[in-house]
Amino acid sequence: MPPSFNDFHCRSIEERDAFWAEQAGRIDWHVPPRQICDYSNPPFARWFVGGQTNLCHNALDRHLAEHGEQNALIAISTETNSEKVYSYRELHAEVQRMAAVMQSLGVEKGDRVQIYMPMIAEAVFAMLACVRLGAIHSVVFGGFASGSLASRIDDAEPKLIVSADAGSRGGRVVAYKPLLDEALRLCKHRPAAVLMVDRGLAPMEMQQGRDHGWAERRAAFLDAQVACTWVEATDPSYTLYTSGTTGKPKGVQRDTGGYTVALAASMPLIFGGEPGQTFFCTSDIGWVVGHSYIIYAPLIAGMATVLYEGLPVRPDAGIWWSIVEKYKVTHMFSAPTAIRVLKKHDADYLSRHDLSSLKALWLAGEPLDEPTAQWISKAINKPIIDNYWQTETGWPIMTLCNGVQPQATRFGSPGKAVYGYNVKLIDESTGEELTGAGQKGVLAIDGPLPPGCMQTVWRDDQRFVNTYWKSIPGRMIYSTFDWGVRDEDGYYFILGRTDDVINVAGHRLGTREIEECICAHARVAEVAVVGVADALKGQAALAFAVTRDALEGEQARKALEADVMKLVDARLGAVARPSRVIFVSALPKTRSGKLLRRAMQAVAEGRDPGDLSTMEDPAVLAQIQARL
Ligand code: AMP
């Protein structure tokens, strides 16, 4: 009989090494590990010590014999109206060409390669080529501008930067080369070479000696055969900078062996994915979800993966679902924010497509509010599975492990702690563990973090320790900086960042609870609640809401505001009622869809909103300011 999920989870903690030794059998090792976990120097965990492997080998080479002609990468752009499918064999050849070009530009094991690219196949070639060579990639989201790029270049000190002439968003071409040139002017570090992919979207000024064209270089290496470089399991595979609120970016460093094992295990155990199936993750390669579930996990599992450049509603809100139909997508992975965008359109755009291949839709990155979950569940008639994780962890901390044992969904909960994660709820002031159901505490993870999670902050071990492991009094435990609560069955509910909590007249309120309530109003499409300083109550909750339909005039706004407040009064109590509901046409968000709460809060409090380089549309803040 298969184990119950609870037994499975228990074993992953109590018989940690035996559990992970079994999971390690899912990947190819050049040299098998000598030790499963070395935790002799906490909080630094060293997984699969002595083992040698290669991420690219596990993602590509090992599938060639059995699945060589099978689809590996399906690159679709509704921005350039292009679509190209690469089999495992074709992708393998392209990656070797890219690896040969990188070698010709001096890249060796341990060197960093910065990748600043749109969602095109060459970005995937570049990432896989890096890990093939044992080089460390550091992808910078294509939506970042020069300043953010420069600070990341200075921190990573890459030997090579790979980029493209331009990205495109909603038909608007964004030239990357001038941004890159400006970043290179701003930063202290000088990369030896820059490799540019020319999509023919924007003119490029090439700097002789430094800049090279991908097409020309590739032509010289068409038959390249570049063997995988075996690396230690504990060697870094990549760094990824978190969209920090502080000035200096924080490079989350990931290992090789632990990450490969964690992703290899996640596909059958969490997602129920099998070779030959198709995974469509709508994130961006610039984010952790993109690294893990656009690229590495589906390929390690021998699946095809869809790389999509474009908006979810262009040419219309049916585009993603037509891709599901055409490529018989089995697994879809997106974010609640994207669903809320779709929610403004007719559900018929989704349901008119044949979605019979699709097993489920996983959503991550932010709280999944019940109305959004209900809407999409009805629109596609498939299971909607919330999953909770962070850049730091690289794979889900909480979700349903349906591959272990089918688990029921609970609206508002990303599920139970995933195997390997020893999740605790901690009282933030005493550091004590909260074991009772319904008690709210800081979500923390007892060390060692499972395989695949961050090893350290790039070149800053002390920052890793101080930031993540020392925020809770009296104990060394990893803080997620999220509030959580657990029910009697072990299902967790995420109540927002510890830094987003508001305290109104001595009452602690989660902005998430208020948001969910307001979002249930039929006319509200999206809402953000922030705590702003209030002379009388300490803090007051302020709500910024986007309506589903047009809302013209002060009178209409006032009427709807009163209606929303009535709803909060009725659902949560007057204590949670926001002092105001301000209607705006859009909420300030990062390009990855994260709400910029601090920016809203700062503007509402008349302060400088700080670094807005990750913001999708800065005009949105001006509108908020005008409406205050
Ligand atoms: P990032 O590292 O940018 O992916 O952000 C991680 C943070 O996003 C977490 O610490 C949570 O605050 C939030 N988050 C991610 N997934 C979820 C989820 N399923 N439910 C609630 N919050 C989430």
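Please read all numbers here as calculations on a predicted model, not as lab measurements. As a basis for the values below, the full set of heavy atoms in this structure was taken, side chains included, without hydrogen atoms, waters or symmetry mates. Each ligand, and each atom within it, is numbered from 1 in the order the structure gives.
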Q: Have a look at F333 and tell me which of W320, Y293, W362 forms a ring-ring contact (aromatic ring centres under 6.0 Å, His included) with it.
A: Y293
Q) Going by distance only, is there an N or O of G365 that falls short of 3.5 Å from an N or O of ligand 1? A) yes
Q) Taking only heavy atoms of D482, which atoms of ligand 1 are found under 4.0 Å from at least one of them? A) 9 (C), 10 (O), 11 (C), 12 (O)
Q) Where does L368 meet ligand 1, judged by heavy-atom distances below 4.0 Å: at the side chain, the backbone, both, or neither? A) neither
Q. Taking L400 as the fixed residue, which of Q405, Q407, K416, R410 is the one that meets the side chain to side chain contact (heavy atoms under 4.5 Å, CB included) rule?
A. Q407
Q) Can you list the ligand 1 atoms lying under 4.0 Å from a non-hydrogen atom of T391? A) 1 (P), 2 (O), 3 (O), 4 (O)
Q) For the ring pair F141 and Y241, is the centre-to-centre distance below 6.0 Å? A) no
Q.
Other residues, nucleotides and ligands only: do more than 12 of their heavy atoms fall within 6.0 Å of CG on N381?
A. no
(Q) If the threshold is 4.0 Å, N to carboxylate O, is there a salt bridge linking R340 and D369? (A) yes
(Q) Below a 4.0 angstrom heavy-atom separation, can you tell me which part of W389, side chain or backbone, both or neither, approaches ligand 1? (A) backbone
Q: May I ask you to decide whether R254 forms a salt bridge with E392, counting only side-chain N to carboxylate O separations under 4.0 Å?
A: no
Q | Numbered atoms of ligand 1 (with element) below 4.0 Å of N387, judged on heavy atoms | A | 16 (N), 18 (C), 19 (N)
Q) Quick one: does ligand 1 sit under 4.0 Å from the side chain of K594, the backbone, both or neither, non-hydrogen atoms only? A) side chain
